[in-house]
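Letters A, B, ... mirror the listed sequences (proteins, then strands); counts begin at 1.
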Amino acid sequence: MFDKNELEKIKQKKEEWEKGTLEKTLSKRGEQRKEFTSISGIPYKRCYTPLEVADLDYNNQLGYPGEYPYTRGVQPTMYRGRYWTMRQYAGFGSAKETNARYRYLLDQGQTGLSVAFHLPTQAGYDSDHPLSMGEVGKVGAAIDSIEDMRVLFDQIPLDKVTTSMTINAPATALLAMYLAVAEEQGVSWDKVGGTIQNDVLKEIICRGQYIYPPKPTMRLTVDLIEFCQKQVPRWNSISISGYHIRESGSTAAQEMAFTIADGIAYAQACVERGMDVDKFAGRLSFFFNCFTNVIEEVAKFRAGRRYWAKVMKERFGAKDPRSMMLRYHVQTGGVTLTAQQPLNNIVRVGLQTFAAALGGCQSLHTNSYDEALCLPTQEAVTVALRTQQIVAEESGATLTIDPLAGCYLIEEMTDKIEAEIDEYIKKIDEIGGTLTAIDQGYIQKEIQNSSYRFQKEIESGDRVYVGINKYTMEEEPPKNLLKVDMALGEIEAEKLKKLRAERDQGAWQKALDHLREVSKTDENVMPAVIEAVKAKATVGEVCDVWRDVFGEYRPKEFI
Amino acid sequence: MAEKKIKIIVAKPGLDGHDRGAKLLSRIFAEAGMEVVYTGLRQTPEMIAETALQEDADVVGLSSLSGVHNYFFPMVVKTLKGKGLDDVLIVGGGIIPKEDIPDLKKAGIAEIFGPGTKTDEIVDFIKKNVRS
């Protein structure tokens with residue numbers, strides 16, 4: 001970036017400063033601490049200069065937005081063309097209550113939907129299953145059958161909004177219901193746009209909503225990707241997620257590294273299925289976290305974009321530029337929120353939103369300030385959405401593309417994080433690939449060690465967390481927390497009873513039998529799943545077929 | 001003779017997958033000299049009580065971040081008592097609103113630890129209140 005003479009002069013001047021001005025101050029008064037590190041433990045130098053980026057090869061390492069290696073962003077105009085999609089993850093109670101929240105959010109200027117399913121749906125159980133007791137409608141909407149899905153999107157035209165669905169092991173069943181409802185609305189599948197999480201590996205690593213062993217669950221994942229590639233071309237058929245990896249305690253670099261490792265495993269599985277990389281890779285999407293250290297987060301996103309582009313080009317031989325783009329959704333850091341002095345969380349989310357915008361995300365969910373206490377209230381959700389709108393419209397972060405590029409610190413940290421990602425990917429390759437690394441607990445243990453280190457830093461007071469280990473105060477217990485009616489379990493159970501009694505038994509049985517047969521072969525299951533949900537098979541019934549055919553996953557615990 | 005080690009079952013009732021806290025505390029308890037059994041996810045009250053019985057546990061620690069504590073925690077107490085485990089210390093933690101705590105204590109949970117609690121505090125509480 002600089003010529004040699006210029007760098008020499010800068011170096012000389014730096015030495016003079018260190019011996020002179022700096023030394024004078026340091027001799028009188030030391031700095032606050034010996035070492036300054038980011039929340040992930042990345043050391044910071046006192047002051048960054050062109051010397052840190054002396055070797056930066058602009059055209060090859062940064063380039064231009066919308067061009068390889070996409071360090072500066074995946075689109076040529078970024079937010080000057082269009083802001084990120086403001087997409088708040090929402091769902092609680094019944095399909096009807098959630099539908100009302102969606103329509104409220106759309107009225108408030110939200111531009112996409114994001115469905116939170118309650119845990120029974122995520123784990124492939126119906127609302128009336130014994131393991132669902134107490135969970136119905138708690139952390140998401142209770143969706144058991146096509147009838148619930150119809151209510152969930154009542155008066156929401158599925159060709160006008162895009163929908164993201166956080167569903168993994170049972171993803172095929174829920175996508176099938178969504179497509180069937182779109183059809184009922186008269187919307188053809190090629191007009192339907194959205195994203196389904198469908199990332200089962202991170203469920204096994206850290207999120208816990210697994211059902212089947214790795215191999216068959218990967219088969220369902222790939223079936224969905226393959227089906228969408230042929231029939232639902234605007235659908236992002238997987239959202240490879242680092243969000244939960246970070247939430248469970250990883251560092252920023254580990255989040256990116258393990259997500260890319262999962263991405264490699266999925267891409268490999270698709271290639272092994274016989275799919276052409278340029279036919280599916282453009283529909284692989286990602287999902288990341290964003291903490292409060294703005295610089296570290298921006299560097300993480302830039303490093304991730306550059307590394308993924310190389311992986312797709314060099315490892316998978318992709319030719320289509322779209323295949324090489326790390327397109328991603330961001331959610332601000334849930335785990336960074338405190339139950340203490342909850343209004344402080346608005347500031348945390350504000351900074352995280354700013355970082356996500358400077359980092360170049362494609363869509364964003366901002367957490368509500370009360371989420372360390374309960375499910376978000378409507379007031380808190382509104383503040384969260386407004387936070388995005390303020391960053392987009394007022395902060396200036398969107399006026400130019402990749403505004404922090406060229407900042408000595410940002411460029412050095414981008415390189416450092418990329419190097420750490422590369423080390424992890426090489427290590428995982430040595431172990432024998434992502435699935436083996438998960439099976440041996442390597443990834444889980446790396447995350448847990450970081451989580452442990454962080455906890456120790458907080459407890460020793462070495463790392464300050466406002467309201468937790470510094471600036472604490474006595475507080476009144478919070479009021480107006482959102483509560484989900486415990487009676488909902490019974491209401492949903494009644495609905496299921498009625499559905500089971502009234503549906504066409506012959507058609508239902510035939511569809512489930514067919515699904516079972518198909519599942520035993522190598523054939524793609526999606527058409528049979530669609531047929532089954534149309535015949536009013538429930539999520540639990542579809543998932544039970546596979547519990548029989550594939551067995552259930554029992555994880556090893558690595559403490 | 002070394003003192004008998006405290007035996008603690010760390011359990012995740014229900015379908016909640018948030019296990020960062022449960023795993024972290026398992027490690028902290030082990031470091032504090034306790035014998036730890038972590039059950040993993042998706043435990044029913046029956047499974048937790050059975051583990052406590054089999055392992056002759058002194059303490060059961062329940063973790064829930066999905067809002068099901070009012071249902072599950074009292075159920076676990078009941079199931080433990082049903083198996084004659086009357087003197088097992090039961091503690092809980094997770095995303096639990098303060099207003100729920102009095103009823104949980106009445107139901108037999110000795111203490112509830114919310115987000116941001118120092119782990120030392122939890123270890124101390126257990127050591128002070130466990131059966132001798």
Top residue by heavy-atom pair count (under 4.5 Å) with chain B, among [options]?
options	answer
A:Gly208, A:Ser248, A:Ala339, A:Ala123	A:Ser248
A:Glu371, A:Arg554, A:Gln448, A:Glu203	A:Gln448
A:Ile458, A:Leu119, A:Leu375, A:Leu373	A:Leu119

Give the intermediate values and the outcome of side-chain hydrogen bond (donor to acceptor under 3.5 Å, both in side chains) for residues A:Thr538 and A:Asp144.
-> CA-CA 5 Å; A:Thr538 63; A:Asp144 292 315; over 6 Å; no

A:Tyr452 six-ring face occupied by B:Arg27 cation (under 6.0 Å, within 45°) | yes

Would you please classify the geometry between the A:Tyr243 ring and the A:Phe287 ring as parallel, tilted or perpendicular, with 30° and 60° separating the classes?
-> parallel

Minimum-distance pair of heavy atoms, taken over all atoms of [X] and [Y]:
X	Y	result
A:Gln197	A:Asn168	OE1-ND2, 3.0 Å
A:Thr259	A:Ile245	OG1-CD1, 4.1 Å
B:Pro74	B:Leu104	CD-CD2, 4.1 Å

Name the region of [X], side chain, backbone, both or neither, that has any atom closer than 4.5 Å to a heavy atom of chain B.
X	result
A:Leu131	both
A:Tyr210	both
A:Glu135	both
A:Gln340	side chain
A:Pro120	both
A:Gln455	side chain
A:Asn449	both
A:Phe92	neither
A:Ser451	both

A:Asn289 pairs by side-chain hydrogen bond (donor to acceptor under 3.5 Å, both in side chains) with which of A:Arg246, A:Glu255, A:Glu247?
-> A:Glu247

Part of B:Glu31 within contact of chain A (heavy atom distance under 4.5 Å) =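 Just the side chain, heavy atoms under 4.5 Å.
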
Between B:Lys98 and chain A, which part of the residue has a heavy atom less than 4.5 Å away: side chain, backbone, both or neither?
-> side chain

Carboxylate-amine/guanidinium contact A:Glu552 A:Arg547, below 4.0 Å | yes

